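First comes the structure, then the notes that go with it.
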Amino acid sequence: MGLTLGRIRGDLREFARLAEAEYDAGVVDPVLEALEGLWVNSVIGVRTTTHPVPQRQMNVRLMNSGRGVDPVTTLREAGLLEFSGHPMERVLTDVSAAVPVMFGVDVGVARGVEKIWLMFPELISVERILGFTGIPDAARAHAAHLDRYGGEIAIMALDFANRTMNLYSQVFAPGRLTAADITTILAELDFVAATEQELALLGQTFNLYRTFSWTSPRMQRICFPVRHQAASFPKHLDPVLDRFVSGAPFAGSGPRGFTFYTAYGHDDRYYKVQAEYTSAPNAVFPGGTVPPIN
């Protein structure tokens, strides 16, 4: 028997219990039902953070809808994604019309649809991405940084809940981004410095992503991910990481990965974990490169 919405609902409740995060079936179920064919046949990830419990959120992510699939129209027609005249809507429309994309959908289990991802099977140059109408001025101001660290863009995420945009670099070989590079990047951005323990953990970083808004000239956040097996995941850093990785439901088969993220901003840092909920043996990754599991 294949994966069902009933199984997904039950497992999401368990993920939320492990994360000590609020879960509202009233906002989750309509999105599951509107995109049922995608949820039961696509790559799914579930993510939470080390924020304090009152602020901690959990998200379920439809990671890879496949070529030629348009969940955005479905969500808009169902009243689950509203356009209000924000520049990100022009970005979404223009980029998806100009280049091949595979869509992803990020759903906050207490808030509903939050992000729409545009994954690029063919990597896009920084120059081309920044040339689209509606891109935040802050992103354009960091063009040299984007080119120097990571280069071509693999994924764009448009956050309709927080009015921000993420740009994810191409996947690169672990070790290409060194501890010295990370130290330099954070200093150049005037972000919180990484600890020695974090620098050691981030030696296997496979890409990086940055967050920009339309209301500030500064980069909001930068994040470094590392993909692990459960046995090698740094669960010791926070009790929620331990619970989430140790107890995470799995509806797939074969090898399973967990992605550890360290996110840095002007005043703070925090950790994130994403559990692969379904298997991804046939998934098409941006640029054709699969992030390695450590």
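Computed from a predicted model, the values in this text were never measured in an experiment. Positions are given from 1, in the same order as the sequence printed here.
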Which donor-acceptor pairs under 3.5 Å do the side chains of residues 194-205 make with protein atoms, sequence neighbours left out?
| from | atom 1 | to | atom 2 | distance (Å) |
| --- | --- | --- | --- | --- |
| Thr195 | OG1 | Glu198 | N | 3.0 |
| Gln197 | OE1 | His236 | NE2 | 3.2 |
| Glu198 | OE1 | Thr195 | N | 3.0 |
| Glu198 | OE1 | Tyr264 | OH | 2.8 |
| Glu198 | OE1 | Arg269 | NE | 3.1 |
| Glu198 | OE2 | Arg269 | NE | 2.9 |
| Glu198 | OE2 | Tyr271 | OH | 2.6 |
| Thr205 | OG1 | Leu202 | O | 2.8 |

(message) When you compare the side chain of Val226 with that of Thr259, does any pair of heavy atoms fall below 4.5 Å?
(response) no
(message) Assigning hydrophobic clusters by single linkage (Ile, Leu, Val, Met, Phe, Trp, Tyr; side-chain heavy-atom cutoff under 4.5 Å), is Leu62 placed with Phe160?
(response) yes
(request) Could you tell me the separation between the CD atom of Glu152 and the CG atom of Asp147, rounded to the nearest 0.5 Å? (result) 9.5 Å
(request) Check whether any side-chain heavy atom of Trp39 lies under 4.5 Å from a side-chain heavy atom of Leu5, and answer yes or no. (result) yes
(message) Less than 6.0 angstrom separating the ring centers of Phe172 and Phe206, yes or no?
(response) no
(request) State whether the side chain of Asn162 and the backbone N or O of Thr164 hold a donor-acceptor pair below 3.5 Å, judged by distance alone. (result) no
(message) Can you confirm whether Asp137 is buried at CG, in the sense that more than 12 heavy atoms of other residues, nucleotides or ligands lie under 6.0 Å from that atom?
(response) no
(message) Would you say the ring centers of His228 and Phe258 fall short of 6.0 Å from each other?
(response) no
Could you tabulate the donor-acceptor pairs under 3.5 Å formed by side-chain atoms of residues 105-119, not counting sequence neighbours?
| from | atom 1 | to | atom 2 | distance (Å) |
| --- | --- | --- | --- | --- |
| Asp106 | OD1 | Asn59 | ND2 | 3.3 |
| Asp106 | OD1 | Arg61 | NE | 3.4 |
| Asp106 | OD2 | Lys115 | NZ | 3.3 |
| Arg111 | NH1 | Gln57 | OE1 | 3.4 |
| Glu114 | OE1 | Asn59 | ND2 | 3.0 |

(request) Using a strict cut-off of less than 4.0 Å between a Lys/Arg side-chain nitrogen and an Asp/Glu carboxylate oxygen, indicate whether Arg56 and Glu20 qualify as a salt bridge. (result) yes
(request) Decide yes or no for Arg163 and Met88: does some side-chain heavy atom of the first lie under 4.5 Å from some side-chain heavy atom of the second? (result) yes
(request) Taking the six-membered ring for Trp and the full ring for Phe, Tyr or His, determine whether the centres of Phe260 and Phe233 are under 6.0 Å apart. (result) yes
(message) Any side-chain to backbone donor/acceptor pair from Thr278 onto Ser42? Under 3.5 Å, distance only.
(response) yes
(message) Tell me whether Glu127 at atom CD has more than 12 heavy atoms from other residues, nucleotides or ligands lying less than 6.0 Å away.
(response) no
(message) Measuring only between side-chain heavy atoms, which start at C-beta, is Val95 closer than 4.5 Å to Phe120?
(response) yes
(message) Does either side chain, that of Thr184 or that of Asp181, offer a donor lying less than 3.5 Å from an acceptor on the other one?
(response) no
(message) Filter on side chain to side chain donor-acceptor pair (under 3.5 Å), then keep only pairs touching residues 22-34, sequence neighbours left out; what's left?
(response) Arg9-Asp29, Arg9-Glu33
(message) Determine whether Asn166 and Thr211 satisfy the following criterion, side chain to side chain donor-acceptor pair (under 3.5 Å), listing intermediate values before the conclusion.
(response) CA-CA 4 Å; Asn166 294 346; Thr211 301; 2.7 Å; yes
(request) First locate atom CG of Asn41, then atom CD of Glu36, and finally report the distance between them rounded to the nearest 0.5 Å. (result) 9.5 Å
(message) Would a single hydrophobic cluster contain both Phe132 and Leu92, if residues Ile, Leu, Val, Met, Phe, Trp and Tyr are joined by side-chain heavy-atom contacts under 4.5 Å?
(response) yes
(message) Do His266 and Arg218 have side chains that approach each other closer than 4.5 Å (heavy atoms only, starting at C-beta)?
(response) yes
(message) If we count only N and O atoms by modelled type, under 3.5 Å, do the side chains of Ser169 and Asn207 hold a donor and an acceptor together?
(response) no
(message) Could you go through Arg210 and His142, starting from their C-alpha distance and side-chain angles, then the distance that decides it, and tell me whether this counts as side chain to side chain donor-acceptor pair (under 3.5 Å)?
(response) CA-CA 10 Å; Arg210 299 83 160 184; His142 289 84; over 6 Å; no
(request) Treat each ILVMFWY residue as a node, draw an edge where side-chain heavy atoms are under 4.5 Å apart, and state whether Ile293 and Ile44 are in one component. (result) no
(message) Is it the case that over 12 heavy atoms from other parts of the model lie below 6.0 angstrom from the CD atom of Glu188?
(response) yes
(request) Check whether Phe191 and Tyr270 end up in the same hydrophobic cluster, where Ile, Leu, Val, Met, Phe, Trp and Tyr are linked by side-chain heavy atoms less than 4.5 Å apart. (result) no
(message) So Val60 and Phe15, do their side chains get closer than 4.5 Å, heavy atoms only?
(response) no
(message) Strictly distance-based, threshold 3.5 Å: is any side-chain N or O of Arg256 a donor or acceptor partner for the main-chain N or O of Glu276?
(response) yes
